Amino acid sequence: MIRFAIGMIVPFFVGLAVPSATLAQTATTADVATSSDVDDEAKPPTKPAWAIAVHGGAGSISGKMTPQREAVYHAVLRRALAAGTLVLADGGSAVDAVEEAVRCLEDDPLFNAGRGAVATIEGTFELDASIMDGNGLRAGGVAGIRVASNPISVARRVMDTTGHVLLGGPQADQFAVAQGFGSVSQEYFFTPKRFEDIQQRRAKAGLPPLENPTTRASQGTVGAVARDADGNLAAATSTGGRSGKLSGRIGDSPIAGAGNYAENGVVAVSGTGIGEEFIRHSAAAQVAWFIKHADLSVDEATRRVIHDVLRPDDGGMISLGPVGPPIWQFSTKMMSRGMATADGQIVTQVGSEP
Ligand code: ASP
């Protein structure tokens, strides 16, 4: 697959100065629902316009979110949006766009995916990821992978080449290596903040401290949803899981229907939060069921799952339907997120604003 020159478009995204009041207003989910409802009634159906949204995880704000740190989050989210936009604006597919956007977030140590993944209680790194193509309900995932810097691309390969939807453990690592995905050592994933966190959890559990290499700050599972100009929907989600998890624990992110889902004509969803709850409730698929069987809008269905089905503080989602802009919902204190649409709208938010 062609890798795009992100640097060419990033300055445009990063340099775009839009007043924050305008951004917050634009991204308000109620506004989004209202405007798309009006559009649906007023206009005959037209060829769908492309759109993309990304998230960098839901949770509480850990550490001090200084203006400088916040600016870095905005810049990285915009870079991920730019990576997806380059694909979509060029007539590329939604599935390529979500893979590119998530790769970008996996490469940044700020997030709990790829490079900045959280550690297990043993201090190892076991990563989960999945991708879903709404065109034909094609899906691929990897669980507990230890050697790939970009688990989302291994998940894509599972989808495209194996006829399976999920590979796990050492065999997933073997598959990644056999498919030519750069194999990295576990040191690649070490970040200072993650290690500190594990040391504290081990002390609490009465376990001896681990020997520590280094640390860097990071936060949040990552994900993307996209719609291409042909109306295809796709979703991708990637994570290190929950900090201090048992080795072998698998979360919702690699599971189609739990933390990730895409179905053409219905919705694409990427979730973040307490994976066990997302699995118990088939959270991402439930958004689709509410749309298909209860006639809810994408916004209403996402809201219903986050605020009524899941518990308070369980997490958040980004969703995108066959028409209209992306939306997001979360019940945690914050979720970093962003969206870009074919009409030139670009929004990134990192705090608790709607
Ligand atoms: N959902 C992820 C998991 O449970 C964690 C997260 O989104 O923060 O593995």
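Counting starts at 1 for both ligands and their atoms, following the listed order. Just so it is clear, the structure is predicted and the values come from calculations on it, not from any experiment.
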As an exercise, identify every atom of ligand 1 less than 4.0 angstrom from a heavy atom of Arg242.
4 (O)
Among Glu263, Met132, Arg227, which residue satisfies the side-chain contact (heavy atoms from CB on, under 4.5 Å) criterion with Leu233?
Arg227
among protein heavy atoms, the one nearest atom 9 (O) of ligand 1 is Arg249 NH1, 2.8 Å
With a distance cut-off below 6.0 Å to the six-membered ring centre and an angular limit of 45° from the axis, does Arg157 pair with Phe175 as a cation-pi contact?
no
Is Arg280 salt-bridged to Glu277, cutoff N-O under 4.0 Å?
yes
Could you establish whether Lys245 and ligand 1 come within less than 4.0 Å of each other, counting only heavy atoms on the residue side?
no
Within ligand 1, which atoms have a heavy atom of Asp252 less than 4.0 Å away?
1 (N), 2 (C), 3 (C), 4 (O), 9 (O)
N/O donor-acceptor pairs under 3.5 Å from side chains in residues 249-256, not counting sequence neighbours:
residue : atom : partner : partner atom : Å
Arg249  : NE   : Glu276  : OE2          : 2.8
Arg249  : NH2  : Glu276  : OE1          : 2.9
Arg249  : NH2  : Glu276  : OE2          : 3.1

Counting only heavy atoms, which portion of Glu277 has something under 4.0 Å from ligand 1: side chain, backbone, both, or neither?
neither
What are the atoms of ligand 1, with element, lying closer than 4.0 Å to any heavy atom of Thr221?
2 (C), 5 (C), 6 (C), 7 (O), 8 (O)
So if I apply the side-chain contact (heavy atoms from CB on, under 4.5 Å) rule between Thr221 and each of Thr239, Asp128, Leu105, Val118, which one comes out positive?
Thr239
Is there any N or O on Gly273 that sits under 3.5 Å from an N or O of ligand 1?
yes
Which of the atoms in ligand 1, numbered in the order shown and given with their element, are less than 4.0 Å from a heavy-atom of Thr272?
6 (C), 7 (O), 8 (O)
Does at least one non-hydrogen atom of Gly57 fall below 4.0 angstrom from an atom of ligand 1?
no
Mind checking whether Gly275 has an N or O less than 3.5 Å away from an N or O of ligand 1?
yes
For a quick test of your reading: what N or O donor-acceptor pairs under 3.5 Å do the side chains of residues 136-144 make, sequence neighbours left out?
residue : atom : partner : partner atom : Å
Arg138  : NE   : Asp133  : OD2          : 3.4
Arg138  : NH1  : Asp160  : OD1          : 3.1
Arg138  : NH2  : Asp133  : OD2          : 3.3
Arg138  : NH2  : Asp160  : OD1          : 3.3

Quick one: do Arg156 and Asp96 make a salt bridge, cutoff under 4.0 Å?
yes
